[in-house]
Amino acid sequence: MEENKKEVKVKKVKTVKEPKIKKEKIVKEKVALSGEEVKKVKLGMDIDKKIIIAITIIVVVVALSICGFFYWNNNMKPVAKFDGGSLNASEYTMYYKTFAPMLEQYGYNPNDIPMQIAEKAGTDKILIMKAKEAGVKLSDEDKKKVDELFTNEDQLKDFANRGIDPNKMKELYYNDYIISAYIAKVKSEIPDDDVSKYIKETYGEDTDMTEFITRHIVVTTQNATTDEQKVAVKAKIDAALVRVNAGEDFATLAKELSEDSTKNNGGLYKMYLDNNTSKEYVEAVKGLEVGKTTGVVTASYGYHIIKLEEKNVNGRINSDSEREAIASKKIDEMSKKLNLKVDDNILKKLVEKITGIKANSNPETDIYGK
């Protein structure tokens, strides 16, 4: 028994020592690694890190590229192009949200509205470009008007309800003032001979070029349906005539008593013999001397008292409406010259996105259906 126990003990010692020898060998092997081998191990780790970093960068770049594509597709994709610029999706969306409800309210065909807005927005961008080239800038006065508008809480709420970014809308307002200033510059630079030529080509060679600068007080009968109301209207214009004949300032009386939009300018109204003024008004003015006033002039819509302040031969060449028409023609020619073109397919998809209405799904009611 004792011998057997010794044998067992020897075996146990051998069993315990054997793994210790292995651990020592392992430790020695690790310690015995040469400097070159250590460098190789570190180099391998560094390469692995670089690969991971490179892969991460590629993933980030791809992700950014995808995000950039979707942003460009949704906001920067050109709806219309012209030589020197373009109209992107974000800009068109702002115009659509602003003008589509107005055009619908005025009775425009919903199917025509998207293209009309695209052409206007594209033309506006051309005008802004041309205004910049001509050195036309937003005046401090106009900037102040816009800035004051955008401090109005009700106005800002209205923009928010319509899904309109106030900052983009403010830029649109700024641009509108710049465009107006540029068009005014274009009108002022049209030669008088060009205006005269346009008038004669439009209305005939023997067109009267006289300009009549008048002031008037008008009281309307449009809302007078009963005899008592009609009598009251006539009494009002008769009372105004008494005050005019008594020597009261005509412009001041017009601001107080007149019932049309000219009252804000003291009844000022420039008139030409172009059939754009009522026959009764024209006949009354043609018989007046400068500085004189009429009695009560009866028209189909009410009563006038008219004063002729100036009469200018060939003054019609200064007509704002005629110059406006010529300027509009020049702008149309400008758009054609710069090859303004709307991408119809992009436009349809964008309008579908804005309105949530599929084009052509119901041509009778859907926007842009045909």
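Atoms considered below: every heavy atom in the structure, side chains included; atoms not considered: hydrogens, waters and symmetry mates.
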Worksheet item: Does the distance from a Lys or Arg side-chain N to an Asp or Glu carboxylate O, for Asp332 and Lys336, drop under 4.0 Å?
Response: no
Discussion item. Over 60° means perpendicular and under 30° means parallel, so tell me whether Tyr301 and His304 are parallel, tilted or perpendicular.
Written reply: perpendicular
Discussion item. Taking side-chain contact (heavy atoms from CB on, under 4.5 Å) as the criterion, tell me which of Val219, Leu257, Thr221, Val218 meets it with Ile237.
Written reply: Val219
Worksheet item: Charged N to carboxylate O below 4.0 Å: is that the case for Lys349 and Glu352?
Response: no
Worksheet item: Is a side-chain donor or acceptor of Ser258 paired with a backbone partner of Lys255 at a separation under 3.5 angstrom?
Response: no
Worksheet item: Taking 4.0 angstrom as the limit, do Glu211 and Lys311 come out as a salt bridge?
Response: no
Worksheet item: Are any side-chain N or O atoms of Lys97 and backbone N or O atoms of Gly163, one a donor and one an acceptor, separated by less than 3.5 Å?
Response: yes
Worksheet item: Salt bridge between Asp140 and Lys145, side-chain N to carboxylate O under 4.0 Å?
Response: no
Worksheet entry | Trace of the salt bridge (Lys or Arg N to Asp or Glu O under 4.0 Å) decision for Arg243 with Glu256 | CA-CA 12 Å; Arg243 294 174 66 179; Glu256 177 188 343; 3.1 Å; yes
Worksheet item: Charged N to carboxylate O below 4.0 Å: is that the case for Lys329 and Glu324?
Response: no
Worksheet entry | side-chain hydrogen bond (donor to acceptor under 3.5 Å, both in side chains) between Tyr173 and Asp147, intermediate numbers included | CA-CA 10 Å; Tyr173 273 65; Asp147 291 344; over 6 Å; no
Worksheet item: Is the side chain of Arg316 donor-acceptor paired with the backbone N or O of Ser196 at a distance under 3.5 Å, no angle test?
Response: no
Discussion item. Taking the ring of His216 and the ring of Tyr281, is the distance between their centroids below 6.0 Å?
Written reply: yes
Practice prompt. Step by step, work out the side-chain hydrogen bond (donor to acceptor under 3.5 Å, both in side chains) result for Asp208 and Thr210.
Written response: CA-CA 6 Å; Asp208 193 313; Thr210 306; 2.6 Å; yes
Worksheet item: Can you name the nearest heavy-atom pair linking Ile346 to Pro78, along with the distance?
Response: CD1-O, 3.4 Å
Worksheet item: Does the side chain of Thr123 come under 3.5 Å of the side chain of Glu119 through a donor N or O and an acceptor N or O?
Response: no
Item to complete: Please assess Tyr269 against Thr277 for the test side-chain hydrogen bond (donor to acceptor under 3.5 Å, both in side chains), listing each intermediate value before the final yes or no.
Response: CA-CA 10 Å; Tyr269 177 70; Thr277 306; 2.7 Å; yes
Item to complete: For Thr294 and Ala284, indicate whether the former's side chain and the latter's backbone hold a donor-acceptor pair under 3.5 Å.
Response: no
Worksheet item: Should the pair Lys185-Glu189 be classified as a salt bridge under the 4.0 Å nitrogen-to-oxygen rule?
Response: yes
Item to complete: Output yes when a side-chain donor or acceptor of Ser86 lies under 3.5 Å from a complementary backbone atom of Asn88, and no otherwise.
Response: no
Worksheet item: Under the side-chain hydrogen bond (donor to acceptor under 3.5 Å, both in side chains) criterion, do Asn345 and Asp343 qualify, and how do the steps go?
Response: CA-CA 6 Å; Asn345 290 326; Asp343 190 313; 4.7 Å; no
Worksheet item: Would you call Asp158 and Arg162 a salt bridge, taking side-chain N to carboxylate O under 4.0 Å as the test?
Response: yes
